[in-house]
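Below: one structure, written as structure tokens.
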Amino acid sequence: CGGDWWHYCQAGRKILLWIGDATGHGAPAALITSAAKSASTIIERLNITPAQALELLNKSIYDVSKGRIMMTFFLAAYDPETKVLSYANASHEAPFLIKKGSTPLKKKDLIPLNEVNNPRLGQDRETKYKQTTINLDPEDMVLFYTDGIAEIQNKMKMSWGERDFLKAVVSANKDYPTAQEFVARLTQMIQDHRQGEILIDDVTFFVVKNDLNV
């Protein structure tokens with residue numbers, strides 16, 4: 001019963017990657033994520049762009065919430081044949097593109113996917129959304145997340161914060177591991193900071209990697 005939602009699916013030859021975060025907590029936020037999930041089951045069957053998909057999602061969420069609850073959202077579509085990633089952003093935290101280098105990863109090497117940004121879903125029913133594209137190289141990784149990850153508190157009520165979160169991302173990816181190993185490392189770092197403390201916000205993240213063997 002929360003406001004974070006993520007999803008992935010195959011739509012034709014493209015892979016769609018969805019992540020969103022509704023404002024607020026509890027049942028009202030969960031109602032909005034439910035609306036997004038329901039709309040996505042129809043949208044993923046359509047041959048449309050991420051920007052067009054966000055426009056449909058926006059109308060669905062606005063009709064449910066009437067502008068009282070909104071949702072940040074990031075939707076990407078990856079074409080394995082052309083290696084092109086198209087994306088549109090509705091005021092969500094920009095995912096980070098992590099490219100494999102010949103030296104250990106540094107904070108300055110994290111590339112935010114923030115070339116386009118649009119209003120939140122549910123803010124205005126008639127919002128038009130823009131999108132952009134990037135090319136993914138072999139072994140490129142993209143980290144998607146919601147803002148709750150930086151708000152994780154320990155027993156001293158100290159938040160992890162954006163700076164420590166990014167340090168953890170760099171540390172977990174210092175030797176460019178597999179996606180599964182990166183997730184395991186970052187999850188452990190989250191638990192080490194949290195120390196069993198109750199979460200004050202939903203925490204969501206996932207990664208995708210352009211595997212040479214796929």
After noting the C-alpha distance and the side-chain angles of R125 and D63, does the key distance pass the salt bridge (charged side-chain N to carboxylate O under 4.0 Å, His left out) rule?
CA-CA 8 Å; R125 196 177 190 278; D63 289 346; 2.8 Å; yes

Would you check if the side chain of [X] reaches a backbone N or O of [Y] as a donor-acceptor pair within less than 3.5 Å?
X    : Y    : value
S171 : K167 : no
S38  : A35  : no
N118 : N89  : yes
S34  : A30  : no
N154 : R194 : no
E197 : L199 : no
Q131 : A51  : yes
H193 : M158 : yes
D137 : D140 : no

Are any of the side-chain nitrogens in K59 or E55 under 4.0 Å away from the carboxylate oxygens of its partner?
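Looking at K59 and E55, the cut-off is not met.
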
Charged N-O contact under 4.0 Å between D175 and R185
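Yes, this pair counts.
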
Run the numbers on Y78 and V142 for side-chain contact (heavy atoms from CB on, under 4.5 Å), then give the verdict.
CA-CA 11 Å; Y78 179 60; V142 183; over 6 Å; no

So, using side-chain hydrogen bond (donor to acceptor under 3.5 Å, both in side chains) as the criterion, who are the partners of D79 when residues are at least two apart?
R13

Atom [atom1] of [X] with >12 non-hydrogen neighbours under 6.0 angstrom:
X    : atom1 : value
Q191 : CD    : yes
Y8   : OH    : no
K209 : NZ    : yes

Do [X] and [Y] belong to the same hydrophobic cluster, where Ile, Leu, Val, Met, Phe, Trp and Tyr are linked whenever their side-chain heavy atoms lie under 4.5 Å apart, directly or via other members?
X    : Y    : answer
W18  : V64  : yes
V170 : F182 : yes
L105 : F205 : yes
I111 : I98  : no
Y176 : L166 : yes

Which heavy atom of [X] sits nearest to which heavy atom of [Y], and what is that distance?
X    : Y    : result
S91  : T72  : O-CG2, 3.2 Å
D202 : G3   : OD2-N, 2.7 Å
A39  : S60  : CB-OG, 3.9 Å
V116 : T132 : CG1-CB, 3.9 Å
P119 : A90  : O-CB, 3.3 Å
Q52  : T49  : OE1-N, 2.9 Å

Please step through side-chain contact (heavy atoms from CB on, under 4.5 Å) for the pair E151 and V203, ending with a clear verdict.
CA-CA 9 Å; E151 298 175 5; V203 174; over 6 Å; no

Report yes if some heavy atom in the side chain of S40 is under 4.5 Å from a heavy atom in the side chain of W5; otherwise report no.
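They are in contact (side-chain heavy atoms under 4.5 Å apart), so the answer is yes.
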
Atom [atom1] of [X] and atom [atom2] of [Y]: how far apart are they, to the nearest 0.5 Å?
X    : Y    : atom1 : atom2 : value
D21  : L121 : CG    : CG    : 11.0 Å
L57  : T127 : CG    : OG1   : 12.5 Å
L17  : F206 : CG    : CZ    : 5.0 Å
I19  : F73  : CD1   : CZ    : 8.5 Å
H92  : N114 : NE2   : CG    : 13.0 Å
D109 : K107 : CG    : NZ    : 12.0 Å

Extract all donor-acceptor atom pairs below 3.5 Å that involve side chains of residues 143-150 and protein atoms in other chains or at least two apart in sequence.
residue : atom : partner : partner atom : Å
Y145    : OH   : E162    : OE2          : 3.4
T146    : OG1  : D4      : OD2          : 2.8
T146    : OG1  : T204    : N            : 3.4

Under the side-chain contact (heavy atoms from CB on, under 4.5 Å) rule, collect the residues that match up with A168, sequence neighbours excluded.
W160, L186, M189

Step-by-step side-chain contact (heavy atoms from CB on, under 4.5 Å) determination, R120 to T23:
CA-CA 10 Å; R120 291 175 294 177; T23 56; 3.6 Å; yes

Working for side-chain contact (heavy atoms from CB on, under 4.5 Å), residues L85 and L113:
CA-CA 11 Å; L85 182 81; L113 301 184; 4.1 Å; yes

